[in-house]
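In listed order, ligands and their atoms are each counted from 1. Predicted, not measured: the structure shown is a model, and the values here were computed from it.
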Amino acid sequence: MSRIVLYYTFTPLADPEAVKLWQHTLCRELGLKGRILISPQGINGTVGGEIKAVKQYVKQTRAYAPFQDMTFKWSDGGAEDFPRLSVKVRPEVVAFGVPDEIEVDSDGVVGGGVHLKPEQVHELVEQKRAEGVEVSFFDGRNAMEAQIGRFKNAVVPETETTRDFIAELDSGKYDHLKDQPVVTYCTGGIRCEVLSSLMRRRGFEEVYQIDGGIVRYGETFGDEGLWEGELYVFDSRMNTRFSAESKTIGECTHCGSPTSTFYNCMDRGCSTLQLYCDQCRHIPETTRCRTCEVRLQQDPAHPNTGLLEKVRRP
Ligand SMILES: [Zn+2]
Ligand SMILES: [Zn+2]
């Protein structure tokens, strides 16, 4: 019997390198694989292995005082879901590119948005509506993920990576939201811990975040609430739905028909993901991203054609 655990906490770590050595040794001794990221601001990890070993890992990790209240989310899977064990120290737990802007104390990120349980999200929307105010949902993921699922009427910033958020927030595009109630959301909640604090620092006055992110919201309301579409996930499935009722809101890059299936651009080494329907994905000329198409037009003698794959390249 195998299992995976996912976890994070924001808390000051005086000696991230020492935590790294300890965590690496612990995982190796227990035969666990996965990815662990440690920074002066906290830890974020997902590891898998034999269920007894994972239980032991949780127990020993919680024995370290800064991690004693950390929540571990259990999930199906095991060591075989990870290529290796990777334990790294980075300047930030989530790479927004502004380590100096993020302050943490033993209660977590300082100055973040108000935490809401999924039920409280609905209460907020109703309460504000009664006051004549619409709550805005602000997508904290990469824009591509929102193509197949998002909160209804959500604001989706133009982001290819987490680092793009700062320029987006500083662009002035979202200044009309600064005196409005804004609920940030992301897959599991970790990004919004930081994003909501970065927004508040920039003058967004009323910022909320969803405890446990879209995952917990979906477990609570499925497709009966304010969510629409499917959820992009970072494993080989790439997309998952909360129920058989979920709408398909993604559109084929070529013909516009409904689909939730991402494929890598067909050029070798290109990691751009695009949505294709079952018909169009078999037409080679159409399954190249715009950047690679331009490159090919400039240098038609050297096509870089690979295979169209439903995979995420690192
Ligand atoms: Zn199509
Ligand atoms: Zn490409």
Visitor: Are Phe262 and Tyr276 close enough that their ring centres sit under 6.0 Å apart?
Guide: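 No: the rings miss the under 6.0 Å criterion.
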Visitor: With ring centroids as reference points, do Tyr185 and Tyr217 lie under 6.0 angstrom apart?
Guide: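 Distance test on ring centres: not under 6.0 Å, no.
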Visitor: To the nearest 10 degrees, calculate the angle at the Zn ion (ligand 2) involving SG of Cys289 and SG of Cys292.
Guide: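 It comes to 100°.
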Visitor: So, applying side chain to side chain donor-acceptor pair (under 3.5 Å) with Glu228, which one of Lys152, Lys247, Arg150 is it?
Guide: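 Testing each of Lys152, Lys247, Arg150 against Glu228, the sole residue satisfying side chain to side chain donor-acceptor pair (under 3.5 Å) is Lys247.
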Visitor: Take the Zn ion (ligand 2) as the vertex and measure to SG of Cys265 and SG of Cys270; round to 10°.
Guide: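 That angle works out to 110° after rounding to 10°.
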Visitor: Centroid separation under 6.0 Å, is that true for the rings of Tyr174 and Phe138?
Guide: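 Judged by ring-centre distance (under 6.0 Å), Phe138 and Tyr174 do meet the cut-off.
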Visitor: What's the SG-the Zn ion (ligand 1)-SG angle here (Cys255, Cys277), rounded to 10 degrees?
Guide: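 SG of Cys255 and SG of Cys277 make an angle of 110° at the Zn ion (ligand 1), to the nearest 10°.
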Visitor: May I ask you to check whether Cys280 brings an N, O or S atom to under 2.8 Å from the Zn ion (ligand 1)?
Guide: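 Checking the Zn ion (ligand 1) against Cys280, an N, O or S atom does fall under 2.8 Å.
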